[in-house]
Visitor: 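This is the structure I have questions about; it appears just below.
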Amino acid sequence: MFVPTLMGQCTPEQQAYWLPRALDMQIIGTYAQTELGHGTFIRGLETTATYDPETETFVMNSPTLTSYKWWAGGLAKTVNYCIVVAQLYTKGVCHGTHPFIVQIRDEETHMPRPGVKVGDIGPKLGFNTADNGYLGFDNYRIPRDNMMMKNAQVLKDGTYVKVARHGKATYGTMVFVRVLLVNEAAFNLAKACTIAVRYSAIRRQCSPDSEGSELQVLDYSTQQHKLFICIATAHALQLNSTWLWKTFSDTLAAIKQGNVDTLPELHALSSCLKALSTADAASLIEQCRHACGGHGYMMSSGLPYLYAFVTATRTYEGDYTILLLQTARFLVKAYEQVEAGKPLTPTVSYLSQAFTGKKLPWDSSPDGIIRAFQALAAGKLSSTVKSLRKRLESGLSYEQAWELSTIQLNGAAEAHCRAVMSQNYKSEIERLTVNSSPNVKLVLQQLYKVYLYYWALERTGDLLLYTSISESDIFELQLRYEGLLKEIRPNAVGIVDAFDLRDEVLHSALGSYDGNVYERLMAEAQKSPLNAEPVNQTFHTYLKPMMKGKL
Ligand SMILES: CCCCCCCCCCCC(=O)SCCNC(=O)CCNC(=O)[C@H](O)C(C)(C)COP(=O)(O)OP(=O)(O)OC[C@H]1O[C@@H](n2cnc3c(N)ncnc32)[C@H](O)[C@@H]1OP(=O)(O)O
Ligand SMILES: Cc1cc2nc3c(=O)[nH]c(=O)nc-3n(C[C@H](O)[C@H](O)[C@H](O)COP(=O)(O)OP(=O)(O)OC[C@H]3O[C@@H](n4cnc5c(N)ncnc54)[C@H](O)[C@@H]3O)c2cc1C
């Protein structure tokens, strides 16, 4: 996040000075925005940067314990610089949060600079290879030039000058990383399902009849139900990530031309896609672990590490709930645009046909299910707006009405995102497989159907509300879904092999390409320090005295 922020928030002159040093690793930096007391609410950050025209410096200060920067990766012991997001004061006026480049350690000795307090925040659920740290300032001065001045400037005499065309230019790095995290979710889920599917082809457990041999657990319908949605979702996330990256690049190019019109839609998309992809990936990686029984709980399976790493992504770079509420903000505006007969941006254009007041006729084809997801999103949005307005009519303020409706707002945003992801998944597969062999087309279509049927069956309650789906339609869909799992089974290992993830990347005794699971588990067990000697010295210091009643 250090380099992207240098690129996004510095003037060309500042980039010319800082970027080569950062890219050449002459300086190592991090992005210190979150504080002990605030992560989500950026406008509530407490660290201050007060401009002193006498010395043409900013005085960085941590006025309270809760103002200490907290969490930034590498902050504890690795970095010597960091980007600090602080409330900017000049001429006695606060201009809100701005980014500053701050040297925190000496480049030769690596000692913390005077006025800088820095340390490690302690062990975490995972991510323990990153020394996430804390940082406090005691009236620590930095040169005026260290304010990142692409979007706003403070002149030598302390005059504040706004440069950016849109109010959230300083939030740009977060949008960029959210876009990256969709791809990260796809990659890590692909690793987990490669491990779990390969292991499930090796693992034999139970035989349906007494004479028969034990079945590969991958033959069980319940195992296929656990795992094939993981494969389909890894593809869905990858294709949505590629699509989102293009949307991001197009928006960035437009902003460079002075056109910020597509930024709100990008913010809404990157928010909900980051939220859903990281939450889906984390829960499905855990599902892959469940599918591997006891051995899935071994660190040597690689799955606990993957889960610990990915589950953090649901929180950092914008908590799941918070980001869905950002998307909901955009959806409520879109609803109002439909009412006013105004044109809609592409990803919400389905809303213009959605408010017919009638239930969408159920159609179980892939396109029909996607239309059903859109109807479901529109229906949820419509009932949410109705709740909002009912509360406003009761005399509540907009903020109060909004807060009371946030559960429904989150539901509408999640449904919208599922509809967008499903649409992208299918249309990207069709676009990319135009010249593919019939077999490849068949398998990839089977996978996106798994995705669509799985989520339709997960949302039958909503579908009954907003479409004409009947009990027998649901019964039929369940049977079709279960039949599809059986069709995919013969190709399941080949499909995860197609992720082409080397053993060194998987780090898994269960998912290695050669399938020698039991030999690898035993070999990993031998590495345990407890196996260094036959009797551990704790026998003599604790167990034996206890057994002799001497403790
Ligand atoms: C390989 C990879 C590995 C990657 C490996 C990565 C390693 C770990 C990295 C983790 C690093 C971090 O976690 S860094 C810290 C990340 N922290 C966060 O993400 C904090 C989350 N909080 C926020 O983003 C903000 O506080 C909000 C958006 C929730 C609220 O901001 P706010 O300033 O209060 O704005 P708010 O009133 O809600 O909205 C005002 C208007 O601004 C708009 N707006 C808000 N944000 C944005 C935005 N980003 N871009 C455009 N527009 C925006 C809204 O739509 C709204 O428009 P209108 O409706 O008025 O038109
Ligand atoms: C592994 C890891 C690495 C990180 N790396 C960095 C980094 O490098 N740099 C950095 O600056 N930060 C980093 N962070 C911090 C991260 O960005 C924040 O933790 C994240 O933004 C969430 O903010 P928070 O911790 O304040 O949670 P909070 O916002 O306090 O969330 C607590 C609960 O309150 C809810 N909540 C909060 N506000 C609202 C609201 N308005 N409406 C409804 N519910 C609400 C949330 O949904 C959540 O359920 C990292 C975090 C982790 C876990």
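Each ligand, and each atom within it, is numbered from 1 in the order the structure gives. Quick note: numbers below take in every heavy atom, side chains included, and nothing from hydrogens, waters or symmetry partners.
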Visitor: Go through the steps to decide whether Y448 and H235 satisfy the test side chain to side chain contact (heavy atoms under 4.5 Å, CB included), and finish with yes or no.
Guide: CA-CA 8 Å; Y448 76 55; H235 284 196; over 6 Å; no
Visitor: In terms of atom number and element, which parts of ligand 1 are under 4.0 angstrom from non-hydrogen atoms of M1?
Guide: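 Contacts of ligand 1 toward M1, numbered from 1: 9 (C), 11 (C), 14 (S).
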Visitor: Taking 4.0 angstrom as the limit and counting only heavy atoms of Q33, give me the atoms of ligand 2 inside it, by number and element.
Guide: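 Under 4.0 Å from Q33, ligand 2 has these atoms: 11 (O).
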Visitor: Could you tell me whether atom 32 (C) of ligand 2 has a protein heavy atom closer than 4.0 Å?
Guide: no
Visitor: Find all atoms of ligand 2 within a distance of less than 4.0 Å from any non-hydrogen atom belonging to T321, and give their numbers and elements.
Guide: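 Within the 4.0 Å cut-off of T321, ligand 2 contributes 47 (O).
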Visitor: Is it the side chain (CB and beyond), the backbone, both or neither of M1 that lies under 4.0 Å from ligand 2, heavy atoms counted?
Guide: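 The answer is neither; M1 stays 4.0 Å or more away.
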Visitor: Under 3.5 Å between some N or O of ligand 2 and some N or O of H38?
Guide: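 No - when backbone and side-chain N and O of H38 are compared with those of ligand 2, no distance drops under 3.5 Å.
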Visitor: Does ligand 1 have an atom under 4.0 Å from some heavy atom of G73?
Guide: no
Visitor: Side chain, backbone, both or neither: which part of N132 comes within less than 4.0 Å of ligand 2 when only heavy atoms are counted?
Guide: side chain
Visitor: Enumerate the atoms of ligand 2 whose separation from the nearest heavy atom of E317 is less than 4.0 angstrom.
Guide: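 Taking each heavy atom of E317 in turn, ligand 2 has 17 (O) under 4.0 Å.
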Visitor: Does only the side chain of D319 get under 4.0 Å from ligand 2, or the backbone, or both, or neither? Count heavy atoms.
Guide: side chain
Visitor: Identify, by atom number and element, the atoms of ligand 2 in contact range of I322, meaning under 4.0 Å from any of its heavy atoms.
Guide: 36 (N), 37 (C), 38 (N), 39 (C), 40 (C), 45 (C)
Visitor: Kindly identify the option in H38, Q326, E184 whose heavy atom sits closest to atom 27 (C) of ligand 1.
Guide: Q326
Visitor: Nearest non-hydrogen contact with atom 17 (N) of ligand 1 belongs to which option: R43, R178, Q33?
Guide: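 Of the listed residues, Q33 has the closest heavy atom.
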Visitor: Checking the N or O distance criterion of under 3.5 Å, is ligand 1 in contact with K333?
Guide: yes
Visitor: Which ligand 2 atoms are under 4.0 Å away from a heavy-atom of G73?
Guide: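 Once the distances to G73 are compared, the set is 7 (C), 8 (O).
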Visitor: Considering the heavy atoms of R329, write down every atom of ligand 1 situated less than 4.0 Å from one of them.
Guide: 36 (P), 37 (O), 38 (O), 39 (O), 40 (C), 56 (C), 58 (P), 59 (O), 60 (O)
Visitor: Any atoms of ligand 2 less than 4.0 Å from a non-hydrogen atom of A72? List them with their elements.
Guide: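 Heavy-atom distances to A72 below 4.0 Å select 7 (C), 8 (O), 9 (N).
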Visitor: Identify which of L181, T313, N132, L180 has a heavy atom lying nearest to atom 4 (C) of ligand 1.
Guide: L181
Visitor: Can you tell me which residue and heavy atom of the protein come closest to atom 10 (C) of ligand 2, and the distance to 0.1 Å?
Guide: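 Atom 10 (C) of ligand 2 sits closest to the protein heavy atom T34 OG1, 3.4 Å.
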Visitor: If the plane angle is over 60° it's perpendicular, under 30° parallel, otherwise tilted; pick one for Y305 and F309.
Guide: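 Parallel.
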